[in-house]
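See structure below.
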Amino acid sequence: MSLESEIIKHIELLIGSIGVIIALFFGLFLLIMRNQRAKANVFLAVYLLACALRIGKSLFFNYFPIDPRIRNVFLAMLLAIGPSLWFYVRCLYRRQQSVNKQIYWHYLPSFCFIICSPIIPNNQSTLSVTIAGGLLTHLLIYSIYALFWLLRQANNYDSAFLSVRKWLIYANSVTIVMTLSYIGMLLGLIPYLSGAFLFSGMVLFLSAWALNNPSLFKAETEKYANSNLGYEQAKTYINKLNVLMEKEKLFLNPELTLTELSKKVGLTVKQLSQAINQVEKENFSQYIARYRIEEAKRLLMLDQYRDYKIAAIAYESGFNSISSFNLAFKKITNITAIKYRQSI
């Protein structure tokens, strides 16, 4: 081996090792931090650990011989990466803190492969290459489906969830690229350790993103962990509430209470408060004020209200005091009601 190729080999080992070490540390950290752990983090941890073991085997095997049975055990990690990524996307996107136990059937192929590792060929034969191709195809199907599912949900997220959606798209896209690179390696089209470069790049980017966006890895709904109202149910009730607010204009009642609204929606006061907080990212007062300000803006644009005083507009919109109206209007629109009228 030439000196130049030897140097390149060591550089590949160094970069790949950095990714493996960080992934192992990050995965273990997510599992250990029980007090802040979301269910999604468990699947992310399994994803990272499975990737780290798989890439680590590739790096180690490049220098030392490994028994085929042990190589098969590491190869089985490919069957765990896909399901972990898919369930991570589902849990994080939908803010789920619990999952159906039936999902663990998705990990059954991985366990079966480990059990059968002594009899599965791993000797570069046609059958061995076909099996490896099947494992990579399994991972590719999961990651493509997860990305497809995520893109179809494009209109079902709030503005505060943009960074989460971007990260999930990134994680799926990189996984697809990594899988395709391994298929290329299997076919002899690209160098064997190119996957290590991609993996290290993904892990380093994830680490930087985690430092800047720690909320991605914390249980956003932890304070509602004991509630029997799931996020998807909360969205359904909030949609119902929004329809009521727009059709019946309940917000025009200055004495409107959370108790009254909860009865109309069919929830307890605590559940409705939770639903508004989780879905709309507001408390009850902010939620009602937003509707009232939109009504005030509508009235200010109408010719028949042109001569009305601002105080009259405030009362017509459901506010019971001009001071609360002025504070809410300035906070929501970043402009006073007088200047808003002048700007029309």
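Checking side-chain atoms of Ser143 against main-chain N and O of Asn172 turns up no donor-acceptor pair under 3.5 Å. For the pair Ser273 (side chain) and Lys270 (backbone), a donor-acceptor distance under 3.5 Å is absent. Formation of a donor-acceptor pair under 3.5 Å by the Glu280 side chain with backbone atoms of Asn277 is not found in this model. Here the side chain of Lys240 pairs a donor or acceptor atom with the backbone of Val265 at under 3.5 angstrom. At distances below 3.5 Å, not a single donor-acceptor pair connects side-chain atoms of Asn320 with backbone N or O atoms of Glu255. A donor-acceptor pair under 3.5 Å is formed between the side chain of Arg71 and the backbone N or O of Asn122.
Remark: the Ser321 side chain and the Ser324 side chain contain an N/O donor-acceptor pair separated by less than 3.5 Å. Judged by distance alone, the side chains of Tyr340 and Asn334 never bring a donor and an acceptor atom under 3.5 Å apart.
Every residue two or more places apart in sequence or in another chain that forms a ring-ring contact (aromatic ring centres under 6.0 Å, His included) with Phe325 is listed here: Phe319, Phe329. For Tyr107, the ring-ring contact (aromatic ring centres under 6.0 Å, His included) criterion is met by no residue, not counting sequence neighbours.
Rounding to the nearest 0.5 Å places CZ of Arg341 at 11.0 Å from OG of Ser343. The line from CG of Leu151 to CZ of Arg165 is 6.0 Å long, rounded to the nearest 0.5 Å. To the nearest 0.5 Å, atoms CD1 (Ile115) and CG (Asn72) are separated by 13.5 Å. Summarising the geometry, atom CD1 belonging to Ile176 is positioned 4.5 Å from atom CG belonging to Leu147; distances are rounded to the nearest 0.5 Å. To the nearest 0.5 Å, the span separating CD1 on Ile338 from NZ on Lys309 amounts to 11.5 Å. Note that CG of Leu140 is 5.0 Å distant from CD1 of Ile183, once rounded to the nearest 0.5 Å.
With a 4.5 Å cut-off on side-chain heavy atoms, Lys331 and Leu327 do not count as touching. Under the 4.5 Å side-chain criterion, counting only non-hydrogen atoms from C-beta, Cys112 is in contact with Leu108. Met77 is listed as a side-chain neighbour of Ile114, based on a closest heavy-atom distance under 4.5 Å. Annotation: side chain of Lys249 is in contact with side chain of Leu252 (closest heavy-atom distance under 4.5 Å). With contacts defined as side-chain heavy-atom distances shorter than 4.5 Å, the pair Leu250/Ile288 does not qualify. The closest side-chain heavy-atom distance from Ile310 to Ile322 is below 4.5 Å. Side chains of Ile276 and Asn283 form no contact here, defined as non-hydrogen atoms less than 4.5 Å apart. Side chains of Gln286 and Ile332 form no contact here, defined as non-hydrogen atoms less than 4.5 Å apart.
Hydrophobic clustering places Phe111 together with Leu139 (ILVMFWY residues linked when any side-chain heavy atoms are closer than 4.5 Å, directly or through intermediates). Clustering ILVMFWY residues whenever any of their side-chain heavy atoms sit less than 4.5 angstrom apart, transitively, puts Leu53 in a cluster other than the one holding Phe25. The hydrophobic cluster containing Leu187 also contains Leu180, counting ILVMFWY residues as joined when their side-chain heavy atoms lie under 4.5 angstrom apart, directly or transitively. In the hydrophobic clustering of ILVMFWY residues, with side-chain heavy atoms under 4.5 Å counting as a link, Leu302 and Leu300 come out together. Under a hydrophobic-cluster definition in which Ile, Leu, Val, Met, Phe, Trp and Tyr are linked whenever side-chain heavy atoms come within less than 4.5 Å, directly or via other members, Val89 and Ile141 are assigned to different clusters.
For the ring-ring contact (aromatic ring centres under 6.0 Å, His included) test with Trp86, the passing option among Tyr145, Phe148, Tyr47, Tyr142 is Tyr145; the others fail. Exactly one of Arg298, Arg292, Lys297 qualifies for a salt bridge (Lys or Arg N to Asp or Glu O under 4.0 Å) with Glu295. That residue is Arg298.
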>> Evaluate Thr257 against Glu260 for side-chain contact (heavy atoms from CB on, under 4.5 Å), listing each step before the verdict.
In response: CA-CA 5 Å; Thr257 63; Glu260 184 178 344; 3.5 Å; yes
>> Working note: Asn326 + Thr336, criterion side-chain contact (heavy atoms from CB on, under 4.5 Å); need CA distance, chi angles, decisive distance, verdict.
In response: CA-CA 7 Å; Asn326 286 333; Thr336 64; over 6 Å; no
> Can Gln271 and Tyr237 be said to form a side-chain contact (heavy atoms from CB on, under 4.5 Å), step by step?
Replying inline: CA-CA 10 Å; Gln271 286 175 328; Tyr237 282 109; over 6 Å; no
>> Checking Leu261 against Phe284 for the side-chain contact (heavy atoms from CB on, under 4.5 Å) test, could you report, in this order, the C-alpha distance in whole Å, the side-chain angles of both residues, the deciding distance, and whether it holds?
In response: CA-CA 10 Å; Leu261 272 187; Phe284 169 71; 3.5 Å; yes
> Under the ring-ring contact (aromatic ring centres under 6.0 Å, His included) criterion, do Tyr305 and Tyr308 qualify, and how do the steps go?
Replying inline: CA-CA 5 Å; Tyr305 286 90; Tyr308 275 57; 4.7 Å; yes
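For the residue pair Pro118 and Arg69, the shortest heavy atom distance occurs at CA-CG, 3.5 Å. Leu79 and Pro109 get closest at one heavy-atom pair: CD1-O, 3.4 Å. Contact record, Leu85 with Ala171: CD1-CB, 4.5 Å, taken as the closest heavy-atom pair. For the pair Ala52 and Ala23, the tightest heavy-atom approach, listed with the atom from each and the gap, is CB-CB, 3.9 Å. The heavy-atom pair separating Ser317 from Ile313 by the smallest distance is OG-O, 2.8 Å. Across every non-hydrogen atom of Val73 and Ser117, the tightest pair is CG2-OG, 3.9 Å.
With ring centers used as reference points, Phe251 lies under 6.0 Å from Tyr291.
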